[in-house]
*Asks:* 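Pasting a structure below so you can have a look.
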Amino acid sequence: MGLPGDEGRRGAPGATPASAADQPAAGAVSCPRAEGAQRGPVGIVAGGGAFPGAVAEAVQAQGRGVLLLLIKGFADPALERYPHYWFRLGSLGRVTTYAKARGVRDVVMVGGLTRPRLSDLGLDWTMVRLLPRIAALFRGGDNHLLSGVLGLVAEQGFHLIGAHEAAPGLLLPEGVLGARAPGPVDRSDMARGFDVIHTLGPFDVGQGVIVVDGFVVAVEAAEGTDQMLARYGEMRRTGRLRIPAGRGVLVKAPKPGQDRRVDLPSLGPATVARAAEVGLGGIAFEAGGAIVPDAQALVSAADAAGLFVVGVPRASGGAEAAR
């Protein structure tokens, strides 16, 4: 399971231990005196990785305040530089009460988050009352779970927005982003990858696939992008797949019909490094359907590794990728 900006679905190291008490940050939330500030700060529910900070910076650059709602065990303690509140996943009542009292109405969910066990949630009374519904949400794929969580948050009186809506500048654009462009075989592999994601979408399967010379060699499931890449690399290392380095494409795109306010695919230098490490030739993504905290760092990493990175229009999908 992931939130937008879950590059490789990794929890952040060094996060506050789950045994710590839920405590607000010292000091009040400060909002710049701008038109956006009149609507109150944006609440950013933060999982792991760099994306919560990137969204916070983008929102503040628009003249609006932020309140970082940091998930214990996942969020980076460095995010304490913003107005913040640490909470457990199971303390819905406490965190919503705190956020409302500070004027939060718009909420974004972003960052790495693995699917927790019900026994690890640390339920408060609000969550205990909702337990039958929450248990039902766990009986399904990530889309089912995340859409249900969005519904629960909306019922608390918040307006849910996507990271791409709060910070549209983080969306990756259409076209070749670096120095290297995909060749005809690469484009054929890209087209097949997008077709696979589109076909498997109704089954709530992951957002990534690896295709080499028309052969679908790996499909992302519950393990996430990092582990899918590692699995592909291991197959090459052990000789299960005899594929020369520099061949094949990692394709990333949202699942058809998914709620883009959560679990939007993300890319960054770490993804590029892993793709290069396992011997791929490039990365393709749906233009406007993936986010990146630092596009220039992504391009620089791709150029240094000799990989292509290319965005394909959403409406065209596989057909456009093949051109």
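Every value quoted in this text rests on a predicted model; they were computed, and no experiment measured them. Computed over heavy atoms, backbone and side chain alike; hydrogens, waters and symmetry mates excluded.
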*Asks:* Once salt bridge (charged side-chain N to carboxylate O under 4.0 Å, His left out) is applied, what residue pairs with a partner in residues 157-172 remain, sequence neighbours excluded?
*Replies:*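 Of all non-adjacent pairs touching residues 157-172, none passes salt bridge (charged side-chain N to carboxylate O under 4.0 Å, His left out).
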*Asks:* Mind listing the closest non-hydrogen atom pair of R180 and G306 along with its distance?
*Replies:*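 The answer is NH1-O, 3.0 Å.
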*Asks:* For residues M228 and I210, determine if any side-chain heavy atom of one lies less than 4.5 Å from a side-chain heavy atom of the other.
*Replies:*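 Yes; the side chains approach each other to less than 4.5 Å.
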*Asks:* With H198, which residues qualify under side-chain hydrogen bond (donor to acceptor under 3.5 Å, both in side chains), at least two apart?
*Replies:*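 Residues passing side-chain hydrogen bond (donor to acceptor under 3.5 Å, both in side chains) with H198: none at all.
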*Asks:* Determine whether more than 12 heavy atoms belonging to other residues, nucleotides or ligands lie under 6.0 Å from atom CZ of R81.
*Replies:*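 Correct, the count exceeds 12.
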*Asks:* Under the side-chain contact (heavy atoms from CB on, under 4.5 Å) test, which residues partner V278, sequence neighbours left out?
*Replies:*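 So V278 forms a side-chain contact (heavy atoms from CB on, under 4.5 Å) with L229, Y232, L280.
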*Asks:* For a quick test of reading the model, state the closest non-hydrogen atom pair linking Q62 to P168 and the distance between them.
*Replies:*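 Heavy atoms of Q62 and P168 come nearest at NE2-CD, 4.3 Å.
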*Asks:* For V211, enumerate each residue passing the side-chain contact (heavy atoms from CB on, under 4.5 Å) test, keeping only those at least two apart in sequence or located in another chain.
*Replies:*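 With sequence neighbours excluded, V211 shows a side-chain contact (heavy atoms from CB on, under 4.5 Å) to D189, R192, V209, V216, given in chain and number order.
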*Asks:* With the side chain counted from C-beta on, respond yes when L69 and V104 share a heavy-atom pair under 4.5 Å apart, and no when they do not.
*Replies:*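 The answer is no; the side chains never approach within 4.5 Å.
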*Asks:* With the side chain counted from C-beta on, respond yes when D106 and R64 share a heavy-atom pair under 4.5 Å apart, and no when they do not.
*Replies:*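 A side-chain contact under 4.5 Å exists here.
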*Asks:* Go through the side-chain N and O atoms of Y98 and R102 and say whether any donor and acceptor fall under 3.5 Å apart.
*Replies:*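 Yes.
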*Asks:* Strictly by salt bridge (charged side-chain N to carboxylate O under 4.0 Å, His left out), give each pair with a member in residues 205-214 just once, sequence neighbours left out.
*Replies:*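 As it turns out, the salt bridge (charged side-chain N to carboxylate O under 4.0 Å, His left out) pairs with a partner in residues 205-214, which skip direct neighbours, are D213-R247.
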*Asks:* Could you pull out the closest heavy-atom pair between P293 and L267, with the gap in Å?
*Replies:*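 Looks like CD-O, 3.7 Å.
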*Asks:* Taking all non-hydrogen atoms of both residues, which atom of V292 and which atom of G268 are closest, and how far apart?
*Replies:*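 Distance-wise, the nearest heavy atoms are CG2-CA, 4.3 Å.
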*Asks:* Ignoring hydrogens and geometry, is there a side-chain-to-backbone donor-acceptor pair from E286 to P265 under 3.5 Å?
*Replies:*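 Judged by distance alone, no pair lies under 3.5 Å.
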*Asks:* CD of E220 to OG1 of T225: how many Å apart, nearest 0.5 Å?
*Replies:*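 Interatomic distance, E220 CD to T225 OG1, rounded to 0.5 Å: 3.5 Å.
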*Asks:* Looking at R231 and V219, would you say the former's side chain and the latter's main chain have a donor-acceptor pair under 3.5 Å?
*Replies:*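 Confirmed, R231 side chain pairs with V219 backbone.
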*Asks:* Stepwise, does the side-chain contact (heavy atoms from CB on, under 4.5 Å) test hold for F308 with V176?
*Replies:* CA-CA 7 Å; F308 65 81; V176 177; 5.5 Å; no
*Asks:* Under 3.5 Å, sequence neighbours excluded: what are the donor-acceptor pairs made by side chains of residues 40-50?
*Replies:*
none

*Asks:* Partners of A297 by side-chain contact (heavy atoms from CB on, under 4.5 Å), sequence neighbours excluded?
*Replies:*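 Partners of A297 under the side-chain contact (heavy atoms from CB on, under 4.5 Å) test: P269, D294.
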*Asks:* Where do A284 and M190 come nearest, in terms of heavy atoms and distance?
*Replies:*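 In terms of heavy atoms, the two residues are closest at CB-CG, 3.6 Å.
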*Asks:* Going by the rule side-chain hydrogen bond (donor to acceptor under 3.5 Å, both in side chains), which residues pair with T97 if we only count those two or more places apart in sequence or in a different chain?
*Replies:*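 side-chain hydrogen bond (donor to acceptor under 3.5 Å, both in side chains) check on T97 returns nothing, list empty.
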*Asks:* Does one hydrophobic cluster hold both V185 and L250, with members joined at side-chain heavy-atom distances below 4.5 Å?
*Replies:*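 Looking at the clustering, L250 is in a separate group from V185.
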*Asks:* With sequence neighbours excluded, give me every side chain to side chain donor-acceptor pair (under 3.5 Å) pair touching residues 48-59.
*Replies:*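 Pairs touching residues 48-59 that pass the test: E57-Y82.
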*Asks:* Do F203 and K255 come close enough that some side-chain heavy atom pair is under 4.5 Å?
*Replies:*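 A side-chain contact is absent here, since even the closest heavy-atom pair is not under 4.5 Å.
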*Asks:* Measure the spacing between CG of L160 and CE of M109 and express it to the nearest 0.5 Å.
*Replies:*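 Spacing of CG (L160) from CE (M109) equals 7.5 Å.
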*Asks:* Holding to side-chain hydrogen bond (donor to acceptor under 3.5 Å, both in side chains), I want the full list of residues that pass it with R105, two or more places apart in sequence or in another chain.
*Replies:*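 R105: no side-chain hydrogen bond (donor to acceptor under 3.5 Å, both in side chains) contacts found.
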*Asks:* Measure across A302 and V309 and return the closest heavy-atom pair with its distance rounded to 0.1 Å.
*Replies:*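 Minimum heavy-atom separation between A302 and V309: CB-CG2, 3.6 Å.
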*Asks:* Go through the steps for D186 and V310 under the test side-chain contact (heavy atoms from CB on, under 4.5 Å), then give the verdict.
*Replies:* CA-CA 11 Å; D186 298 318; V310 60; over 6 Å; no
*Asks:* For the CH2 atom of W86 and the NZ atom of K72, what is their distance to the nearest 0.5 Å?
*Replies:*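 Spacing of CH2 (W86) from NZ (K72) equals 8.5 Å.
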*Asks:* Can you classify the ring geometry of Y85 versus F87 as parallel (below 30°), tilted (30 to 60°) or perpendicular (above 60°)?
*Replies:*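 Plane angle under 30°, so parallel.
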*Asks:* Of all residues at least two apart in sequence or in a different chain, which pass the side-chain contact (heavy atoms from CB on, under 4.5 Å) check with V299?
*Replies:*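 Per chain and number, V299 pairs via side-chain contact (heavy atoms from CB on, under 4.5 Å) with L177, Q296, D303.
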*Asks:* With E277, which residues qualify under side-chain hydrogen bond (donor to acceptor under 3.5 Å, both in side chains), at least two apart?
*Replies:*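 Applying side-chain hydrogen bond (donor to acceptor under 3.5 Å, both in side chains) to E277 gives none.
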